[in-house]
S.K.: 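Here you go, one structure.
Throughout, a chain's letter reflects where its sequence line sits, starting with A, and its residues are numbered from 1.
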Amino acid sequence: MNYKETIRLPRTGFSMKGNLVRKEPEILEKWEKEDLYGKIREARGGAPRFILHDGPPYANGHVHIGTALNKILKDFIVKSHTMMGFDSPFVPGWDCHGMPIEHRVMSDQKETGKRLGRKEIRARCREYAARFVNVQRKEFRRLGVFGEWDRPYLTMNNDYESGIVDAFGKLVAGGYVYQGLRPIHWCMKCGTALAEAEVEYADHTSPSIYVAFRQHEPGDWKDRGIPEGVEVVIWTTTPWTLPANVAVALHPQEKYVLVASGDRTFMVAEKRVSAFMEETGLEGDVQGSPIFSGADLEGLFLEHPLLRDKTSMMIVAEHVTMDDGTGCVHTAPGHGAEDFVVGGVYGLPVFSPVDEEGRFTAEAGDYAGLHVFEANKAIVADLKKSGGLLNSSGIVHSYPHCWRCKSPLIFRATRQFFLGLSRKNLKARVLNMVDDIKWHPGWGYERMKNMMAVRPDWCLSRQRAWGVALPVFTCGECGEPVMDVRVISSVVELVRENGSDAWFEKTPEELFALTGRKPECPSCGSGNLDRVDDILDVWFDSSLSHYNVLRDEYGLERPASVYLEATDQHRGWFGVSLITSEALDLGKPVEHVITHGLVQDMNGRKMSKSLGNVISPLEIIDRQGADILRLWFAGVDYTADFRADLSQLDDAREAYRKLRNTLRFMLGNITYLEDFNFDPASLKGFDRYAYLRFRKLMSFCLEEYRAFQFHRVYREIRNFAVIDLSGQFLDIRKDRLYCGDADSPEVLSTRNLMTWMLKNFIMLLAPLIPFTAEEAWAELPEVIKEGCESVHLALYPRIKDFTEAESAELRSWEPYMEVRRIVMKELEAKRASGEIGGGLDASVALEVPEDMVPSANGEDWADFLIVSGVETVAGEDLSVTVVKARGSKCERCWKILPEVGRLEPADVCSRCAGVLRKMSEGGDE
RNA sequence: GGGCCUGUAGCUCAGUUGGUCAGAGCGCACGCCUGAUAAGCGUGAGGUCACUAGUUCAACUCUAGUCAGGCCCA
């Protein structure tokens with residue numbers, strides 16, 4: 001007879017196939033329709049706060065794998081902490097200003113051939129940024145990330161811009177802001193500064209000259225053992241920068257030698273001697289001694305080759321190479337980026353006597369009025385006359401050009417506004433703040449300390465259009481900067497009402513009129529002020545998110561609990577945020593800073609379109625679903641760089657399938673649950689083991705969620721599903737759940753235990769795979785959901801630590817599990833020899849220690865081993881004998897037992913006969 | 001060149017303060033089951049812990065260096 005109808009097979013609407021691509025959008029829609037996020041906020045109102053403050057991604061392009069990883073990790077934290085009982089709001093943000101967007105807009109404009117004004121450019125940039133905020137918002141939501149998507153913070157919003165101006169005013173008032181010179185790429189034809197992204201490199205023919213510098217104060221040189229009359233030789237391709245020369249840089253460790261040629265003696269790097277003599281055509285002898293290192297010469301002075309009243313200092317710098325030139329590098333801080341940096345170290349003046357059109361100013365003496373490239377000839381001629389010129393030729397090399405007009409660029413020092421890190425001991429204060437923040441992983445501390453310590457003053461001004469206007473003036477008479485705190489305060493209001501555009505629409509008179517005054521230069525008293533039309537560095541924008549966003553208006557407060565960004569943000573957002581927070585005297589902006597690695601391809605290379613190795617998260621979502629992507633990310637240790645390969649996605653999918661099937665099986669079995677009444681104390685046998693194991697899993701996972709170690713959560717959950725549930729508990733308990741007496745305490749307590757585990761298991765999964773967890777939650781009977789309509793509203797239970805007795809109890813299972821392993825091997829051996837098929841074909845004879853004879857730690861031995869029968873005897877050594885089970889197969893539970901055939905009905909075992917009898921009496925099922 | 005980081009089975013990860021720590025899951029191979037079935041169960045084969053040299057009675061675990069790779073600077 002077929003007894004299938006008399007057993008409780010799993011039944012559930014939770015399908016085996018995920019169908020995530022179809023289901024996830026439906027769940028998303030439901031969440032939004034029912035305002036789940038709002039309900040979570042409401043439910044956690046008044047709970048302890050846990051604020052993850054979002055570092056703003058750039059509003060350009062689609063979400064790529066790196067931004068997806070970042071937001072998903074953030075979501076893991078927010079969701080897990082929400083379920084741990086914290087009020088954990090998430091306000092996403094976007095960085096909207098800056099070069100990349102302006103560059104895109106300008107490129108589009110270049111194609112149309114139209115030249116746009118600033119107002120138009122800004123409007124188009126705003127439109128562009130807004131478009132991609134919308135694109136990315138939709139994509140982030142689709143990833144299952146919860147947050148205030150309808151009320152994000154945008155750095156281009158009036159409030160935010162206004163806050164930037166406000167903060168800038170406070171920094172001015174605090175004395176942190178100063179004007180100084182700094183060399184930048186400059187297009188003489190367009191008369192504008194260029195950002196790095198606007199520079200194109202192309203071949204260009206430049207002069208190539210070798211110039212000898214004479215000793216200044218030869219006595220000082222002699223004191224260091226250098227003969228009088230030795231000349232130091234430099235090589236340059238920009239003769240016109242020689243008037244701005246203030247130093248000659250040597251490499252500190254490289255060797256420098258003397259070369260006697262005719263009646264002169266030159267000094268060059270040992271490694272460059274032959275190239276130097278070959279190119280200049282000079283003949284001479286390299287002297288074996290003396291030999292100097294660059295460091296030996298530091299601090300000596302040379303005569304300036306062109307300007308009689310100036311000198312040039314001997315300095316050392318690591319950027320000096322032995323690849324070209326003489327190893328002695330002409331240094332003009334006004335005309336080179338590296339020169340500027342090393343000049344800063346020595347406190348050298350930034351001299352740059354060149355105007356916007358590339359003509360020398362009066363400061364250049366005889367060269368005044370000459371265009372710099374024309375001046376090359378005059379300078380070469382003068383050097384020749386003075387004897388300083390050793391050789392002059394030409395060189396074709398890669399040279400920076402303007403992306404717009406294609407003409408060659410120069411480096412030119414311009415007046416810029418800086419945040420002085422040495423003002424009021426700011427850097428030291430920030431370094432102290434670093435001590436006060438917790439860094440995850442711990443080495444983030446060292447990295448931040450080291451980076452902050454060598455950080456130069458922060459150049460805040462940019463000669464661009466798309467950003468927040470720098471609210472300052474310069475005096476038209478004396479040229480001094482005018483940073484008027486009262487005007488800035490008024491501009492704060494102006495910008496709050498009208499955005500930063502308003503600055504550009506008003507004259508200095510109008511701007512001063514906001515304070516009821518007339519323009520006046522505090523230095524010279526002139527009323528003739530020029531509005532500075534620079535914008536602020538975009539890093540300044542994002543650095544102020546703590547100031548603009550961690551406040552009531554967003555339902556947040558400072559300090560935030562956590563910042564979480566990729567490791568490149570140590571110098572970036574983390575660093576600049578600390579600086580402004582300290583400079584504004586606000587204390588630390590955050591308690592914990594977490595960093596994750598960058599996503600690379602399988603070979604550790606950066607993903608880029610040109611390499612064709614890009615993995616798109618959107619494609620994965622479209623084909624597999626967001627939960628698969630999330631599970632993939634959950635499995636990796638994000639503290640290291642993440643080498644992403646599509647093959648790993650197969651593993652994530654496999655893990656998902658296993659988790660899903662395990663959920664499905666349990667859901668299918670609790671269909672028969674009537675009352676949820678879970679009492680751990682009433683559990684018996686193997687149920688106790690499963691219970692203790694699950695408790696251990698829970699406390700482990702909650703601890704790891706607290707420590708932001710998601711890959712450990714993932715590993716434990718996955719192993720638990722594979723080993724403890726699928727391989728052990730569910731396999732062992734299948735017989736009881738299917739065939740046992742429905743009213744028996746064994747069935748009821750096992751079913752309650754399983755229900756309890758299932759509910760908590762879904763909750764553990766919820767932060768990682770929020771869609772699937774929600775889908776499973778919906779299948780749970782109302783009685784056990786305790787009124788939570790969504791799993792994301794549920795709270796993790798408090799899990800008690802193990803008592804000594806419980807630890808001992810769990811340990812007491814080890815020998816039994818060992819017996820089980822050995823029996824499995826024996827069963828396998830019998831299977832291989834064809835004696836048995838399934839485990840129920842077998843009966844096992846065990847020789848075990850005396851205390852193991854009565855039962856498997858309170859569990860029925862046969863059930864524990866999933867065989868038809870077990871006989872135990874006490875023995876010294878463990879021994880396992882597997883034989884074919886004797887008796888007949890019970891047609892209901894499929895065990896082979898001797899009593900089958902002797903009862904009524906004749907084809908079932910005694911347990912099943914009893915159950916059948918009861919069923920027919922009770923009439924149920 | 002500097003600061004910081006990474007390198008354990010094909011893949012993703014465990015391996016507290018040096019001594020049964022060379023492990024897990026997946027994948028793979030082989031087999032079983034057919035009442036979780038485009039499921040489920042079992043068994044098995046895979047690593048000289050990037051490399052080299054030290055310290056030590058003992059090193060994946062400590063020290064130094066090398067190689068490969070990453071981020072940020074220069």
Side-chain angles (χ1 to χ4, degrees), chain A residues 2-12 14 16-17 251-253 317-321 337-338 341-342 441-456 566-572 575 595 597-600 602-606 631-632 634-637 639-643 645 647-655 657-658 660-669 709 711-712 714-723 726-728 730-732 734-735 737-739 821 823-834 836-841 866 892-894:
Chain A
N2 184 1
Y3 291 98
K4 194 162 179 172
E5 297 309 314
T6 72
I7 65 175
R8 295 176 297 275
L9 290 173
R11 286 202 315 246
T12 173
F14 189 80
M16 186 180 280
K17 282 199 69 179
H251 192 281
Q253 279 93 47
E318 300 283 348
H319 71 260
V320 174
T321 72
E338 288 171 334
V341 171
V342 69
W443 49 256
Y445 170 79
E446 310 287 340
R447 190 167 160 88
M448 181 54 80
K449 274 278 199 184
N450 290 329
M451 281 184 174
M452 194 55 75
V454 300
R455 200 170 178 118
T567 176
D568 56 352
Q569 297 304 321
H570 274 101
R571 173 163 284 269
T595 43
L598 285 105
V599 184
Q600 302 156 353
M602 208 37 206
N603 304 312
R605 300 172 65 170
K606 203 181 163 108
L631 208 51
W632 182 22
V636 298
D637 176 3
T639 59
D641 285 335
F642 173 27
R643 295 194 174 194
D645 188 87
S647 70
Q648 295 160 6
L649 207 56
D650 295 341
D651 187 50
R653 208 164 47 228
E654 189 56 32
R657 209 181 48 72
K658 186 70 185 184
R660 186 171 181 98
N661 263 316
T662 306
L663 291 174
R664 175 176 137 91
F665 184 71
M666 291 198 281
L667 284 167
N669 277 293
Q709 300 272 7
H711 70 291
R712 287 171 175 270
Y714 168 88
R715 195 186 66 234
E716 289 305 305
I717 287 182
R718 184 177 185 180
N719 281 354
F720 195 88
V722 171
I723 301 167
S726 195
Q728 296 173 358
L730 298 175
D731 205 27
I732 286 171
K734 228 184 280 192
D735 172 71
L737 291 165
Y738 289 4
C739 306
R821 272 190 292 276
V823 169
M824 292 302 159
K825 279 190 215 288
E826 282 304 307
L827 287 170
E828 189 62 25
K830 294 289 174 190
R831 239 193 304 271
S833 63
I836 61 165
L840 290 179
D841 293 344
I866 322 183
R892 186 162 177 274
C893 72
W894 293 353

S.K.: Report all interatomic pairs (protein N or O, nucleotide N or O of nucleotides 67-74 of chain B) with separations under 3.5 Å.
M.R.:
from: B:G69; atom 1: O2'; to: A:Arg643; atom 2: NH2; distance (Å): 3.3
from: B:G70; atom 1: O2'; to: A:Gln600; atom 2: NE2; distance (Å): 3.0
from: B:G70; atom 1: O2'; to: A:Asp641; atom 2: OD2; distance (Å): 2.4
from: B:C71; atom 1: O2'; to: A:Arg447; atom 2: NH2; distance (Å): 3.1
from: B:C71; atom 1: O2; to: A:Arg447; atom 2: NH1; distance (Å): 2.8
from: B:C71; atom 1: O2; to: A:Arg447; atom 2: NH2; distance (Å): 3.0
from: B:C72; atom 1: O2'; to: A:Arg571; atom 2: NE; distance (Å): 2.9
from: B:C73; atom 1: O5'; to: A:Arg571; atom 2: NE; distance (Å): 3.4

S.K.: With P as the reference atom in both, quote the distance from B:G65 to B:C73 in angstrom, rounded to an integer.
M.R.: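 Their P atoms lie roughly 26 Å apart.
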S.K.: Is a side-chain N or O of A:Asp641 found less than 3.5 angstrom from the main chain of A:Leu598, in a donor-acceptor match?
M.R.: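 Yes; judged by distance alone, with no hydrogens or angles, the pair exists.
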S.K.: Any side-chain N or O of A:Arg657 less than 4.0 Å from the OP1 or OP2 oxygen of B:G25?
M.R.: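 No, because none of the side-chain N or O atoms of A:Arg657 sits under 4.0 Å from OP1 or OP2 of B:G25.
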S.K.: Given the P atoms of B:A36 and B:G42, what is the spacing between them in whole Å?
M.R.: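 The same atom, P, in both gives a distance of 14 Å.
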S.K.: Identify which nucleotide among B:G35, B:C26, B:C4 has an atom closest to any side-chain atom of A:Cys739, counting heavy atoms from C-beta outward.
M.R.: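 The closest nucleotide is B:G35.
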S.K.: How many angstroms lie between atom OG1 of A:Thr662 and atom CD1 of A:Ile717, to the nearest 0.5 angstrom?
M.R.: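 One finds 11.5 Å between OG1 of A:Thr662 and CD1 of A:Ile717.
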S.K.: Among the candidates B:C13, B:G15, B:C41, find the nucleotide nearest to the side-chain atoms of A:Arg712.
M.R.: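 For the A:Arg712 side chain, the nearest candidate turns out to be B:G15.
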S.K.: For Watson-Crick and G-U wobble pairs within 3.5 Å on both distances, what is RNA chain B written in dot-bracket notation, | included for inter-strand pairing?
M.R.: (((((((..((((.........)))).(((((.......))))).....(((((.......)))))))))))).
S.K.: Quantified in whole Å, what is the P atom distance between nucleotide B:U66 and nucleotide B:G27?
M.R.: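 My reading of the P atoms in B:U66 and B:G27 gives 42 Å.
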S.K.: When the C1' atoms of B:A14 and B:C26 are considered, how many whole Å apart are they?
M.R.: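 Straight-line distance between the two C1' atoms is 15 Å.
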S.K.: When only distance counts, do a donor and an acceptor, one from the side chain of A:Thr662 and one from the base of B:A36, lie under 3.5 Å apart?
M.R.: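 When only heavy-atom distances are counted, A:Thr662 does not reach the base of B:A36 through any donor-acceptor pair under 3.5 Å.
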S.K.: What's the closest nucleotide to the A:Arg831 side chain, out of B:G42, B:G35, B:G40?
M.R.: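 Of the options given, the side chain of A:Arg831 lies nearest B:G42.
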S.K.: Who passes side-chain contact (heavy atoms from CB on, under 4.5 Å) against A:Thr639, sequence neighbours left out?
M.R.: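 Only A:Pro441, A:Asp637 meet the side-chain contact (heavy atoms from CB on, under 4.5 Å) criterion with A:Thr639.
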S.K.: Can you check the distance between B:U8 and B:C60, where both ends of the measurement are the P atom (answer in whole Å)?
M.R.: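 Each nucleotide's P atom is 15 Å from the other's.
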S.K.: Could you work out which one of B:G44, B:G25, B:C4 sits closest to the side chain of A:Asn450?
M.R.: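 The nucleotide sitting nearest to the side chain is B:C4.
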S.K.: Which nucleotide in the set B:U43, B:C5, B:C26 lies at the smallest distance from any side-chain heavy atom of A:Met824?
M.R.: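 Comparing B:U43, B:C5, B:C26 against the side chain of A:Met824, the answer is B:U43.
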